[in-house]
Amino acid sequence: MKNQELARIFERIADALELKGETGFRVLAYRKAARVLTDLTEDVAELDRENRLETVPGIGSGIAKKIHEYLATGKMKKLEEVTAGIEPGLFALLDIPGVGPRTVKLLNDKLRVKNIDDLKRVLMDGSAAQLPGMGKKKVENILKGLEQIERAGSRMYLNEAFELAELIIEYIRSGSDAKEVIAAGSLRRGRETVGDLDILATGSNPQQIVHRFVTFPMTRQVLSAGETKASIVIASANGLRQIDLRVVEPETFGAALQYFTGSKDHNVALRTLAQKMGLKISEYGVFRNDRRIAGKTELEVYQAIGLPYIEPELREDRGEIAAAQENRLPVLVRQEDIKSDLHIHTTASDGSSSLIEIVRAAQQLGYTHIAIAEHSVSAGYAGGLTADQLLSRCDEIDRLNENLKKFRILKSAEVDITPDGKLDYPDSVLARLDLVIASIHQAFNRDATRRVCNAIEHPLVHIIAHPSGRLIGKRPGYDINLEKVIECAAQNRKILEINSYYERLDLNDVWARQAKEAGVLIAVNTDAHSVSDLSWMRYGVMTARRAWLTRNDIINCLSLAQLMKLLARLRQSS
DNA sequence: GCCGTTTTCGGCCCGACTGTTTTCAGTCG
Ligand SMILES: Nc1nc2c(ncn2[C@H]2C[C@H](O)[C@@H](COP(=O)(O)OP(=O)(O)OP(=O)(O)O)O2)c(=O)[nH]1
Ligand SMILES: [Mg+2]
Ligand SMILES: [Mg+2]
Ligand SMILES: [Zn+2]
């Protein structure tokens with residue numbers, strides 16, 4: 001799929017236009033096109049073939065033509081045209097915080113700066129400071145920006161982001177008279193990775209709150225500190241991290257939270273809608289002729305422009321505003337709806353908690369049942385069980401279940417899909433299990449689509465775990481066609497997993513949404529290897545919410561009886 | 001470049017902070 005490649009090209013065109021001095025809305029249009037391509041699950045090539053590119057909001061005739069040209073010829077005239085005469089090294093300069101296209105253009109025009117090394121030279125030898133509009137402070141700030149990108153960690157996983165947020169929020173609370181302190185931004189929306197932390201505080205003494213914030217002990221740089229907002233860079237174990245703080249009066253909490261939660265594109269869409277109604281939305285409220293008509297709560301803000309409340313996880317400008325207008329927003333699944341975790345390892349394979357410990361913890365979480373799914377034979381590296389071991393494990397679970405009240409352990413296994421597309425246990429063994437989970441752990445790029453579809457078509461298989469195999473920021477995943485996998489799962493009424501491990505989140509939000517639309521049921525599982533890993537459910541549920549899933553779309557929301565019925569029915573019908 | 005229960009032309013979200021600005025541009029959220 002060339003979707004991501006094309007998204008990068010349109011980003012590149014936008015950057016190039018700005019480096020040449022263009023500032024207008026054309027640039028924004030290219031960036032928006034890049035974003036919608038990133039979010040798209042459908043192959044652009046297919047959209048192009050069927051002449052449906054222009055049905056995607058943000059793609060018009062101009063962009064559609066360019067996509068077609070690139071797919072047909074491997075080239076795009078516009079790209080070559082706008083990047084001609086721009087030193088390739090200049091694009092990287094745009095990544096430096098505080099450095100934008102005007103600064104890069106100035107440095108290139110006046111000092112022939114072509115790359116980061118040139119930049120460092122003119123900063124150090126004093127020539128940059130001499131330029132019009134530049135000065136000592138500007139130079140210092142660019143040097144700080146260089147430190148920030150050179151030592152910046154990549155985007156945070158959700159677990160790190162939540163932990164850091166808790167730390168800074170508690171720190172602000174305990175040392176100021178802030179009324180509310182809450183995480184907003186991409187963390188509140190549950191994005192799979194989080195670029196920075198965005199913390200909103202309310203209080204009548206903003207100066208005090210800002211001061212408390214910038215004196216956070218881990219602070220490495222103070223990027224800015226004003227009357228209502230501040231930004232710091234802190235040193236964490238994984239590199240430098242940015243934290244943004246916004247402070248407003250308690251009266252405008254809702255409007256500020258709405259603003260600071262984003263996403264940017266959601267905000268722009270919302271504000272544009274308000275504009276058309278003769279209203280204005282900002283972080284200070286909703287205004288009609290400079291009179292505030294809403295702002296205390298987020299609900300007020302949405303209602304002021306005639307919409308129902310939109311949950312943070314939906315605020316990505318992926319059709320949620322149109323859905324809100326037509327009153328067809330889904331009632332999103334909540335963590336309290338989850339009755340089971342159906343993919344858990346114990347010390348029997350490569351886990352570090354015993355079966356009993358896991359059961360107790362699951363009961364504590366309010367679950368009524370779980371599925372124990374150890375690795376299979378050929379996963380020797382992960383303590384995979386032989387068929388005999390698995391069968392005696394089943395006996396053990398049967399005995400344990402007799403002694404458990406109002407709780408049930410499902411006999412399961414995470415069965416490897418072998419390189420030749422077979423399952424790792426004979427059918428006679430699989431038949432003994434309540435729940436069969438199949439997944440790829442080897443030979444990632446050997447015909448993965450075919451192998452996974454084989455597994456889906458196997459009459460004894462219920463769930464495909466982590467269907468894409470990606471590890472966020474670490475490896476791209478199998479060479480697999482998820483559209484086909486979803487289609488196959490839909491045909492065979494099989495279940496696809498949202499694996500909740502924060503480095504997986506697989507299926508991701510957009511693919512899980514696609515699966516739902518195709519009529520595929522989803523399992524949200526932690527793949528826990530210890531008691532504490534059970535808490536990863538939170539990330540999986542957030543991902544499910546971002547996929548527009550309701551509790552009816554998720555098998556972990558079924559009662560034990562309902563689930564057993566479903567699992568049995570799946571085997572009969574195949 | 002995109003888009004249209006106000007438009008096929010003329011709009012395109014809105015505001016904070018910094019530095020070098022003598023009135024605001026650049027960058028960012
Ligand atoms: N109205 C408006 N709001 C913005 C704009 N840029 C950012 N925001 C709001 C919405 C964002 O979610 C919020 C925080 O900004 P961030 O740059 O931190 O983005 P976000 O947290 O969504 O993503 P991230 O993971 O940090 O990259 O501020 C903008 O241009 N206009
Ligand atoms: Mg952020
Ligand atoms: Mg931010
Ligand atoms: Zn597993």
Side-chain angles (χ1 to χ4, degrees), chain A residues 10 13-14 17-18 21-36 53-67 78 82 93-107 129-142 144-145 148 184-186 195-200 206 210 214 222-232 242-248 252 255-287 305-306 317 321 325-326:
Chain A
F10 290 125
I13 290 176
L17 286 170
E18 287 194 314
E22 179 152 348
T23 56
F25 295 97
R26 183 183 283 109
V27 174
L28 294 179
Y30 279 114
R31 292 202 198 284
K32 171 141 189 191
R35 201 214 86 223
V36 300
L53 276 172
E54 289 180 52
T55 63
V56 180
I59 297 181
S61 61
I63 301 263
K65 272 208 192 73
K66 293 177 178 71
I67 291 174
K78 181 75 180 179
V82 296
L93 301 190
L94 295 171
D95 294 336
I96 304 167
V99 176
R102 310 299 308 206
T103 307
V104 175
K105 187 171 188 310
L106 181 74
L107 291 164
Q130 303 303 315
L131 295 174
M134 299 279 291
K136 230 176 119 182
K137 280 282 184 75
K138 274 258 171 73
V139 167
E140 266 173 39
N141 285 337
I142 296 174
K144 280 204 232 169
Q148 201 185 332
S186 52
D196 67 356
L197 294 188
D198 302 287
I199 307 294
L200 175 68
V210 166
V214 299
V222 177
L223 297 178
S224 68
E227 305 275 307
T228 68
K229 70 182 206 180
S231 292
I232 60 174
Q242 184 171 334
I243 310 180
D244 296 330
L245 173 75
R246 191 69 207 254
V247 188
V248 296
T252 64
L257 183 59
Q258 193 290 312
Y259 150 72
F260 215 25
T261 297
S263 65
K264 170 183 181 283
D265 290 309
H266 174 85
N267 287 354
V268 170
L270 211 62
R271 289 168 179 212
T272 304
L273 181 65
Q275 212 182 30
K276 286 179 187 149
M277 302 171 67
L279 301 172
K280 181 184 74 171
I281 301 181
S282 75
E283 59 267 50
Y284 298 109
V286 183
F287 298 86
I305 55 170
D317 191 31
I321 293 177
Q325 285 175 311
E326 295 158 22

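Sequence lines set the chain letters: A, B, ... in the order given, protein chains first and strands last, and positions in each chain run from 1.
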- Message: Taking any heavy-atom pair under 4.0 Å as a contact, classify P101(A): base, sugar-phosphate, or nothing.
- Response: sugar-phosphate

- Check every strand shown and say whether G262(A) touches a base, only sugar-phosphate, or nothing at a heavy-atom separation below 4.0 Å. nothing

- Item | Sugar-phosphate, base or nothing in reach of V27(A), heavy atoms under 4.0 Å | nothing

- Answer with base, sugar-phosphate or nothing: what part of the nucleic acid does A33(A) contact at a heavy-atom distance below 4.0 Å? nothing

- Message: If we check side-chain contact (heavy atoms from CB on, under 4.5 Å) with F10(A), which of these qualifies: V36(A), I59(A), I67(A)?
- Response: I67(A)

- Task: Using a heavy-atom cut-off of under 4.0 Å over every strand shown, decide if I59(A) touches base, sugar-phosphate, or nothing.
- Result: sugar-phosphate

- Taking the same atom, P, in dT21(B) and in dA16(B), what whole-Å distance lies between them? 24 Å

- Message: Taking dG26(B) as the reference, what is the distance to dT22(B) when you measure between their P atoms (whole Å, please)?
- Response: 15 Å

- Message: My understanding is that only residues two or more places apart in sequence, or in another chain, count here; which of them pass side-chain contact (heavy atoms from CB on, under 4.5 Å) with L94(A)?
- Response: D15(A), L19(A), P101(A), V104(A)

- Query: Base, sugar-phosphate, or nothing: which does K138(A) touch, judged by heavy atoms less than 4.0 Å apart?
  - Reply: sugar-phosphate

- Opening and closing nucleotides of DNA chain B in contact with chain A, under 4.0 Å to non-hydrogen atoms: dG1(B) to dG29(B)

- Determine the contact category for N267(A): base if any of its heavy atoms lies under 4.0 Å from a base atom, sugar-phosphate if only primed atoms, P, OP1 or OP2 are that close, otherwise nothing. nothing

- Using a 4.5 Å cut-off on heavy atoms from C-beta on, say whether the side chain of I321(A) contacts that of H266(A). yes

- Message: Strictly by Watson-Crick or wobble contacts shorter than 3.5 Å, is anything paired with dC12(B), and which nucleotide is it?
- Response: dG1(B)

- Task: Could I get the full list of salt bridge (Lys or Arg N to Asp or Glu O under 4.0 Å) partners for D317(A), not counting sequence neighbours?
- Result: K32(A), R35(A)

- Message: Distance check, P atoms only: dC13(B) and dG19(B), in whole angstrom units.
- Response: 29 Å

- Between E54(A) and A64(A), what is the shortest heavy-atom contact and its length? CG-CB, 3.9 Å

- Query: Touch check for K65(A), heavy atoms < 4.0 angstrom, all strands: base, sugar-phosphate only, or nothing?
  - Reply: nothing

- Message: Give the residues of residues 276-283 of chain A touching DNA chain B, defined as any heavy atom closer than 4.0 Å, sorted by residue number.
- Response: K280(A), I281(A), S282(A), E283(A)

Under 3.5 Å, sequence neighbours excluded: what are the donor-acceptor pairs made by side chains of residues 222-230 of chain A?
none

- Message: So Y30(A), base contact, sugar-phosphate only, or nothing? Heavy-atom distance under 4.0 Å.
- Response: sugar-phosphate

- Message: Test of understanding: with salt bridge (Lys or Arg N to Asp or Glu O under 4.0 Å), list the residues that count as partners of E22(A), not counting sequence neighbours.
- Response: R26(A)

- Message: What's E140(A) touching, base or sugar-phosphate or nothing? Going by heavy atoms closer than 4.0 Å.
- Response: nothing

- Message: Once side-chain contact (heavy atoms from CB on, under 4.5 Å) is applied, do any residues pair with Q130(A), and if so which ones, sequence neighbours excluded?
- Response: none

- Set of residues satisfying side chain to side chain donor-acceptor pair (under 3.5 Å) with respect to Q242(A), sequence neighbours excluded: Q148(A), D244(A)

- Item | Earlier contact from the 5' end, DNA chain B, for A29(A) and G100(A) | A29(A)

- Select base, sugar-phosphate, or nothing to describe what T103(A) touches, counting heavy atoms under 4.0 Å on all strands. sugar-phosphate

- Across the strands shown, which category fits I96(A) at heavy-atom distances under 4.0 angstrom: base, sugar-phosphate, nothing? sugar-phosphate

- Query: Between K78(A) and S231(A), which has a closest nucleotide on DNA chain B that is more 5'?
  - Reply: K78(A)

- Query: For atom P, what is the distance between dG15(B) and dC9(B), given to the nearest Å?
  - Reply: 31 Å

- Message: Among residues at least two apart in sequence or on other chains, which ones pass salt bridge (Lys or Arg N to Asp or Glu O under 4.0 Å) with K105(A)?
- Response: D109(A)

- Query: Using a cut-off of 4.0 Å on non-hydrogen atoms, how would the nucleic acid contact of Y284(A) be classed: base, sugar-phosphate, or nothing?
  - Reply: sugar-phosphate

- Item | Considering all heavy atoms, the nearest I96(A)-G145(A) contact | CG2-C, 3.7 Å

- Message: Between dT20(B) and dT27(B), how many Å separate the two P atoms, rounded to a whole number?
- Response: 14 Å

- Under 4.0 angstrom, heavy atoms only, what part of the nucleic acid is K66(A) near: base, sugar-phosphate, or nothing? sugar-phosphate

- Message: Give me the distance, rounded to whole Å, that separates dT6(B) from dC12(B) when you measure between the P atoms they each carry.
- Response: 16 Å

- Query: If we take the C1' atom in both dT8(B) and dG4(B), what is their distance in whole Å?
  - Reply: 8 Å

